[in-house]
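Here is the structure we will look at.
Quantities reported herein were computed from a predicted structural model and do not represent experimental measurements.
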Amino acid sequence: MELQRDQEVVESFNYGLPPKDQVVKQKLLINFSPLEAMDPGYPAENSIMGVRIEFVLPFEEFIIGGVFSQVIHVIGRQVKQQNDLTEAEANEMIRPILRLIERMVYEITEIALDKPGVKINFSSNTI
């Protein structure tokens with residue numbers, strides 16, 4: 001599957017203290033949405049997908065959350081919905097966004113905690 005990616009977008013990114021006397025649950029929501037081409041000359045054999053990841057990662061000392069997205073052009077193939085993708089293809093589409101989340105979590109926690117950053121790794125999980 002040939003992909004052309006637009007730049008990843010950080011719609012929001014939050015680092016904060018956990019609320020007292022409240023349990024915050026981990027959340028990872030991944031959404032694939034077909035998008036319409038704005039250009040009438042866009043090749044009919046290609047597809048445009050919007051990928052959006054919303055997450056909350058609670059830790060003992062802090063909570064990190066945010067929303068990241070990316071527009072991806074699927075070259076030479078029609079993708080109308082997430083079910084048109086295999087699990088491996090879906091994972092390939094979201095991998096750069098997950099890497100960006102991993103990097104930002106590491107960098108922010110390194111700065112905020114003044115010690116080596118927290119490493120998270122989505123690659124061992126099947127999404």
From CA spacing to verdict: side-chain contact (heavy atoms from CB on, under 4.5 Å), Leu3, His73: CA-CA 6 Å; Leu3 304 175; His73 303 265; over 6 Å; no
task: Would you sort out whether Lys20 and Gln22 count as a side-chain hydrogen bond (donor to acceptor under 3.5 Å, both in side chains), showing the intermediate values?
output: CA-CA 5 Å; Lys20 294 184 191 272; Gln22 182 180 347; over 6 Å; no
query: When you look at Lys25 and Val56, which way does the side-chain contact (heavy atoms from CB on, under 4.5 Å) test go after all the steps?
result: CA-CA 7 Å; Lys25 294 185 180 181; Val56 175; over 6 Å; no
- prompt: Going through the checks in order, is the side-chain contact (heavy atoms from CB on, under 4.5 Å) test met by Phe62 and Val118?
  reply: CA-CA 11 Å; Phe62 56 87; Val118 173; 3.8 Å; yes
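Under the 4.5 Å side-chain criterion, counting only non-hydrogen atoms from C-beta, Phe68 is not in contact with Glu11. Contact check for Glu36 versus Ile48: no side-chain heavy atoms found under the 4.5 Å cut-off. Taking the side chain as every heavy atom from C-beta outward, Ile75 and Gln4 approach each other to under 4.5 Å. Within the 4.5 Å cutoff, the side chain of Ile97 has heavy atoms near those of the Val51 side chain.
Minimum heavy-atom separation, Glu102 to Phe122: OE2-N, 2.7 Å. When all heavy atoms of Tyr42 and Ser47 are compared, the closest pair comes out as OH-O, 3.6 Å. Scanning all heavy atoms of the two residues, the minimum distance from Gln70 to Arg5 falls at OE1-NH1, 3.1 Å. Across all non-hydrogen atoms, the minimal contact from Thr109 to Tyr106 is OG1-O, 3.1 Å. Nearest approach of Ile63 to Pro58, heavy atoms of both residues: CG1-CA, 4.1 Å.
Taking CD1 of Ile101 as the reference point, atom CD1 of Ile120 lies at 7.0 Å (rounded to 0.5 Å). With rounding to the nearest 0.5 Å, the separation of CD1 in Ile94 from CZ in Arg52 is 15.0 Å. Rounding to the nearest 0.5 Å places CZ of Phe32 at 10.0 Å from CD of Glu89. Interatomic distance, Ile30 CD1 to Leu28 CG, rounded to the nearest 0.5 Å: 4.5 Å. Between the CG atom in Asp84 and the NZ atom in Lys80 there is a gap of 9.0 Å [rounded to 0.5 Å]. Separation of atoms CG (Leu85) and CE (Met49) is listed at 5.5 Å; rounding is to 0.5 Å.
Shown here is Asp21, whose CG atom has no more than 12 heavy atoms of other residues, nucleotides or ligands within 6.0 Å. No more than 12 heavy atoms of other residues, nucleotides or ligands lie within 6.0 Å of CG in Leu17, so this atom counts as exposed by the packing criterion.
There is no path of hydrophobic side-chain contacts, each under 4.5 Å, that joins Val67 to Leu100. Under the 4.5 Å side-chain heavy-atom criterion for grouping Ile, Leu, Val, Met, Phe, Trp and Tyr, Val10 is connected to Ile53 within one hydrophobic cluster. Hydrophobic cluster membership is shared by Leu113 and Ile64, with clusters built from Ile, Leu, Val, Met, Phe, Trp and Tyr side chains linked at under 4.5 angstrom. Taking hydrophobic clusters as Ile, Leu, Val, Met, Phe, Trp and Tyr residues chained together by side-chain heavy-atom distances below 4.5 Å, Val71 does not share a cluster with Leu98.
Of the charged side-chain nitrogens involved, none lies within less than 4.0 Å of a carboxylate oxygen, so that Glu8 and Arg99 do not count as a salt-bridged pair. Here Glu110 does not pair with Lys119 in a salt bridge; the nearest charged N to carboxylate O distance is not below 4.0 Å. Salt-bridge formation is not detected for the pair Arg77/Glu2: no Lys NZ or Arg NE/NH1/NH2 atom is positioned less than 4.0 Å from an Asp or Glu carboxylate oxygen.
Relative ring orientation between Phe13 and Phe55 is described as tilted, the plane-to-plane angle lying within the 30° to 60° band.
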